Amino acid sequence: MSLSTARSFLSEAGYGEQELDANSALMELDKGLRSCKLGEQCEAVVLFPKLFQKYPFPILINSAFLKLADIFRLGNNFLRLCVLKVTQQSEKHLEKILNVDEFVKRVFSVIHSNDPVARAITLRMLGSLASIIPERKNAHHSIRQSLDSHDNVEVEAAIFAAASFSSQSKDFAAGICNKISTMIQGLDTPVELKLKLIPMLQHMHHDAALASSSRELLQELVTSYPSTPMVIVTLHTFTQLATSSLIDIPKQIDLLLQYLKEDPRKAVKRLSIQDLKLLAKKAPHMWTRKNIQTLCECALRTPYSSLKLGMVSVLSTLSETIAIKQYFILTPGEPLPAPHLTDLVKLAQECCYHSNLAVAAHGITVLANIAISCPEKDFVQLEQDTVTGMESLLLLCSQDDSTSAQATLKTALASLVRMLRGRTHLSQACVEFLLAQLHYACDPARIAICHALAAIATQLPVLGESMLGDLVALYRSVDKQQELLVSLATVVFVASQSSLSGEVTAVIRQQLEAAANGWTVYRIARQASRMGCHEFSSELYQSLRTRVASEHFYFWLNSLMEFSRAEHCLSGLADGDGSATLAAITEALEAYQKGFASLTAASTPLSPLAFQCEFVKLRMDMLQALAQLICTCNSLKTSPPPAIATTVALSSGNELQRCGRISLQMKLSMDEFRSLAGRYADLYQSSFDADSATLRNVELYPATLRDKMVFQDFGTLGSVQAESKYERKMVAVFNLVLEEVDSLSRKHPPVSYLHTGCLCDAVIALLKVPLSFQRYFFQKLQSTSIKLALSPSPRTPNEPIPVQNSQQLALKVEGVVQHGSTPGLFRKIQSLCLNVSSTLQSKSGPDFKVPLDSKTNEIVQRVEPHNDYFSTQFLLNFSIVGSHGVTVEASVVDDSGIEWKTGPRSTVAVKSLEDPYSQQLRHQLQLQQQGGAQAVQRNTSTRFQ
């Protein structure tokens with residue numbers, strides 16, 4: 001395998017290769033490192049980050065970095081620079097280096113070179129390694145010496161290394177602070193060098209005394225050197241030091257506001273605004289009403305649009321936090337004017353109609369956040385002003401297709417959606433305004449407006465069928481705008497309260513045939529499945545099956561078509577018709593079985609479709625459970641309670657015996673629903689990467705199934721928060737059913753025909769709600785996987801690990817957390833819960849009773865990953881001689897403390913062997929017993945001779 005082969009191997013290999021493949025890739029890269037050609041050496045060096053990404057375990061990373069250290073020690077400056085770049089790119093893997101001393105020793109040897117460039121690269125290398133060698137005194141000494149060098153390249157590298165070590169080491173920061181202060185204040189230090197030295201003071205935050213002395217020095221510098229570059233660098237270092245030390249943030253806010261208010265230089269004002277925005281994000285709770293008032297006064301007074309934009313953006317950031325409530329809190333001894341008379345509201349209202357669209361967007365955001373956060377009674381007029389400002393801005397931006405106008409439009413629409421979530425009484429008028437704007441807006445604006453309409457409609461049922469006429473007419477006018485076709489179709493699906501009419505589907509189908517590509521048709525079909533329009537989605541999936549190039553895609557589309565057909569079979573049920581309902585469920589289950597077979601064929605090792613398969617299984621089992629419940633209810637008519645049922649109930653003491661055999665069937669149905677609720681809960685716990693809407697949908701089933709268990713535990717679903725049309729319908733049906741059952745239980749003793757009829761009606765009402773296939777069924781926006789490595793590991797997969805029964809096995813569990821393109825989009829990993837258990841599979845020792853606690857090991861341990869890597873050890877006891885199976889299962893704990901059963905599960909076989917000394921004692925005991933038995937036998941034989 002050549003170097004090019006290794007390159008393709010690293011770029012195409014997946015995460016599931018064996019360790020042998022990793023060693024092969026490392027060997028090929030090592031061949032490139034030992035090549036006589038400089039180009040091949042450099043190419044091998046730059047391939048190491050891909051190797052670390054594919055195989056992020058310490059053994060390989062340690063070997064690789066030692067090889068890179070040799071290249072750094074023996075190579076030229078260009079190779080050293082390549083190694084430096086690789087080290088900086090692989091920063092999160094540095095802690096996995098096992099032989100840190102040897103690695104640093106090879107790198108540090110270059111610091112004694114006569115070449116200042118080599119020394120400079122070495123200093124930068126040491127600075128990049130500061131996280132793993134923060135207290136190395138030889139590195140500290142070399143950095144101090146290099147700060148006095150006469151070579152500018154070496155001095156700049158020393159400054160970089162000093163900043164890196166100062167951020168990691170308290171001792172180094174305390175020791176270097178005086179030297180840095182002397183160099184900054186020295187007259188022989190050039191100004192350019194001072195500008196590079198000053199930012200080092202932001203790392204002097206390890207204790208209060210060091211931070212205080214650094215702040216005094218910066219205060220002296222900002223007054224002694226009034227030039228623009230010095231003031232800018234010093235103020236920014238001031239801010240960074242305050243955010244790290246946390247004790248001087250109020251003083252820093254006052255200082256920045258002072259420069260913003262008094263300094264005439266625009267560059268200094270811009271820097272002040274930039275740092276104020278940083279402090280608004282880091283510590284909004286430390287902003288006082290006086291600070292916000294000063295910022296408002298500066299914004300009202302400034303004639304420059306760019307500065308006003310920056311100040312309003314700071315206020316926009318603050319308006320999303322608790323600082324906005326503090327502004328409107330009445331302080332003792334200070335009169336608070338009416339809300340619409342405050343400078344903040346005046347500024348926001350003025351900005352809403354500003355000629356600069358970005359300023360207007362921030363003004364709208366501030367007004368909307370004030371209207372959301374503050375009490376309604378004081379802000380009725382402000383709500384109307386906010387809506388008026390939004391409408392004027394939307395009217396202006398919707399007809400302008402420039403980038404700035406569209407960005408402003410999206411900001412205004414996001415503020416509108418957020419405000420309507422808390423001010424629902426404004427939603428109807430705003431939706432009508434947005435629908436009217438769709439006819440006159442440009443195409444990019446129409447897409448954004450459609451997204452806003454769909455977001456509002458998922459929160460509130462504000463889109464009705466009376467609006468379908470305008471939407472369908474607008475859909476006819478769309479000309480090959482793919483995104484607009486999808487967005488408008490989504491709004492049409494939301495507006496269709498019951499089902500799509502033939503006219504609407506004909507218009508959409510005609511437009512798709514004329515203007516849409518295959519991907520657009522699939523996206524619209526996916527939206528139809530999410531909104532419950534299954535008849536239309538099945539037609540679209542059927543048309544797409546033959547337009548894909550992969551067999552797996554064909555089976556995927558075929559399964560979606562069958563699922564949509566199955567749900568469509570349940571859409572036309574009539575109330576009170578149990579036999580027709582059973583026939584519809586049978587037909588739906590048949591289609592589901594066909595779809596499940598196709599779904600299984602569509603899965604691949606890289607895309608196993610585990611969530612989809614389990615979700616469909618649960619849906620099929622739920623339909624079967626509902627059909628069984630209908631049959632159970634009908635059995636009261638075909639097999640009523642016998643005449644002696646009352647006598648049997650009195651003699652047995654079980655009141656349910658009065659109902660006859662239906663009581664046993666109801667208990668079986670109850671157990672089945674309880675099992676389904678548990679399985680839905682398990683699916684919820686295994687869906688760590690699912691979006692919140694999908695999780696709410698899955699959570700709806702266990703919450704409702706537990707409350708629907710026939711005649712017990714009545715109550716409404718107050719704990720389930722409905723945020724979509726499907727969820728609202730489901731919760732409404734369940735609450736209605738529970739109320740009816742509760743009313744019947746008070747009026748009539750169970751079980752009567754009224755109760756069974758109510759249950760049959762409940763099943764039909766549930767089935768009439770179209771199932772919503774949520775986003776996670778089609779699309780995974782967040783991807784998280786865990787890879788485990790166990791040591792000791794067997795040489796071959798089926799070979800057990802030998803261990804003596806008198807000793808304990810130290811099982812080391814290492815793992816890496818692997819993310820997709822958007823890590824932490826919905827939830828982040830805080831820690832991992834590792835569960836190690838062992839079971840006795842076969843016993844090869846003497847046959848005697850063994851205590852139960854000696855047969856198994858059960859240990860649970862939590863570990864926090866650092867840079868997506870974790871490692872821990874377990875001590876396992878195998879006192880019983882025989883074969884044992886050890887299972888390691890990982891689960892994820894998110895930042896809210898919720899545990900998710902994500903896996904993976906790894907197993908290893910262990911063979912417990914008898915200790916040699918114990919074995920020798922046992923053999924001696926056996927020989928003694930055999931000798932004693934033979935002696936007794938001889939005595940017995942001589943007695944009878």
Side-chain angles (χ1 to χ4, degrees), residues 14-23 52-64 92-100 132 685-686 688 784-805 807-819 823 828-841 853 855-879 883-894 897-912:
Y15 284 108
E17 293 83 359
Q18 299 177 357
E19 191 66 27
L20 179 62
D21 297 329
N23 292 332
F52 299 154
Q53 183 180 1
K54 298 293 182 184
Y55 310 99
F57 287 102
I59 294 179
L60 183 136
I61 288 176
N62 182 69
S63 302
K92 72 176 185 178
H93 299 298
L94 293 178
E95 293 186 354
K96 301 172 191 175
I97 299 177
L98 304 177
N99 299 336
V100 177
I132 60 173
Q685 279 195 319
S686 63
F688 176 77
T784 308
S785 61
I786 299 169
K787 185 178 180 181
L788 295 179
L790 308 181
S791 57
S793 58
R795 297 178 181 178
T796 60
N798 296 324
E799 180 183 359
I801 299 172
V803 61
Q804 294 183 4
N805 66 337
Q807 299 176 350
Q808 290 181 319
L809 175 66
L811 181 66
K812 184 177 182 181
V813 181
E814 297 175 288
V816 290
V817 181
Q818 298 167 338
H819 302 282
K828 298 179 181 178
I829 295 178
Q830 183 184 33
S831 61
L832 289 104
C833 185
L834 298 174
N835 188 341
V836 177
S837 60
S838 68
T839 56
L840 178 64
Q841 295 177 343
D853 55 353
K855 294 182 180 181
T856 61
N857 290 281
E858 188 74 31
I859 306 175
V860 179
Q861 187 173 343
R862 282 197 178 187
V863 57
E864 293 187 5
H866 186 68
N867 288 329
D868 295 333
Y869 171 78
F870 60 91
S871 174
T872 188
Q873 287 187 335
F874 297 88
L875 280 178
L876 304 179
N877 184 23
F878 301 99
S879 58
S883 299
H884 300 258
V886 179
T887 302
V888 181
E889 185 175 7
S891 57
V892 167
V893 180
D894 65 9
I898 302 174
E899 186 173 348
W900 303 81
K901 304 293 184 181
T902 58
R905 180 194 296 258
S906 297
T907 58
V908 63
V910 175
K911 187 172 184 180
S912 178

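In this text, all values refer to a predicted model and were calculated from it rather than measured experimentally. The chain is numbered in sequence order, starting from 1.
With contacts defined as side-chain heavy-atom distances shorter than 4.5 Å, the pair V816/K96 qualifies. Side-chain contact between L809 and S912 is absent, with no heavy atoms from C-beta onward closer than 4.5 Å. Inter-residue side-chain proximity for F878 and V886 is flagged as met; some heavy-atom pair is nearer than 4.5 Å. Side-chain contact check for V863 versus S871: every heavy-atom pair is 4.5 Å or farther apart. The shortest distance between side-chain heavy atoms of V860 and C833 falls below 4.5 Å. Considering only heavy atoms from C-beta on, E864 stays 4.5 Å or farther from I829 through its side chain. With contacts defined as side-chain heavy-atom distances shorter than 4.5 Å, the pair L790/V813 qualifies. In this structure, the side chains of V892 and V817 stay at 4.5 Å or more apart for every pair of heavy atoms.
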Pair E899-K901, salt bridge (Lys or Arg N to Asp or Glu O under 4.0 Å): steps then yes or no
CA-CA 7 Å; E899 186 173 348; K901 304 293 184 181; 3.3 Å; yes
Between F874 and V888, is the side chain to side chain contact (heavy atoms under 4.5 Å, CB included) condition met? List the steps.
CA-CA 10 Å; F874 297 88; V888 181; 5.7 Å; no
Is there a side chain to side chain contact (heavy atoms under 4.5 Å, CB included) between Q830 and D894 once you walk through the steps?
CA-CA 5 Å; Q830 183 184 33; D894 65 9; 6.0 Å; no
Steps toward side chain to side chain contact (heavy atoms under 4.5 Å, CB included) verdict (N62, F57):
CA-CA 9 Å; N62 182 69; F57 287 102; over 6 Å; no
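Note that CD1 of I898 is 13.0 Å distant from OG of S891, once rounded to the nearest 0.5 Å. Atom CD1 of I97 sits about 4.5 Å away from atom CD1 of I132, to the nearest 0.5 Å. Expressed to the nearest 0.5 Å, how far CD1 of I786 lies from CZ of R905 amounts to 13.5 Å. To the nearest 0.5 Å, atoms CD (Q873) and CD (E814) are separated by 9.0 Å. Taken from CG in L876 to CD in Q808, the straight-line distance is 8.0 Å, to the nearest 0.5 Å. Q53 contributes atom CD, which lies 7.5 Å from atom NZ of K92 (distance to the nearest 0.5 angstrom).
A donor-acceptor contact shorter than 3.5 Å links the side chain of N857 to the backbone of N877.
Of all heavy-atom pairs between Y869 and P56, the closest is CD1-O, 4.3 Å. For the pair P58 and L98, the tightest heavy-atom approach, listed with the atom from each and the gap, is CB-CD2, 4.1 Å. Across all non-hydrogen atoms, the minimal contact from F52 to H93 is CB-CD2, 3.7 Å. Minimum interatomic distance between P792 and A810 (heavy atoms only, all atoms of both residues): CD-O, 3.6 Å. A pairwise comparison of heavy atoms in A890 and L788 identifies CB-CD1, 4.3 Å as the closest pair. What you find for P794 and E799 is that their closest heavy atoms are CB-O, 2.9 Å.
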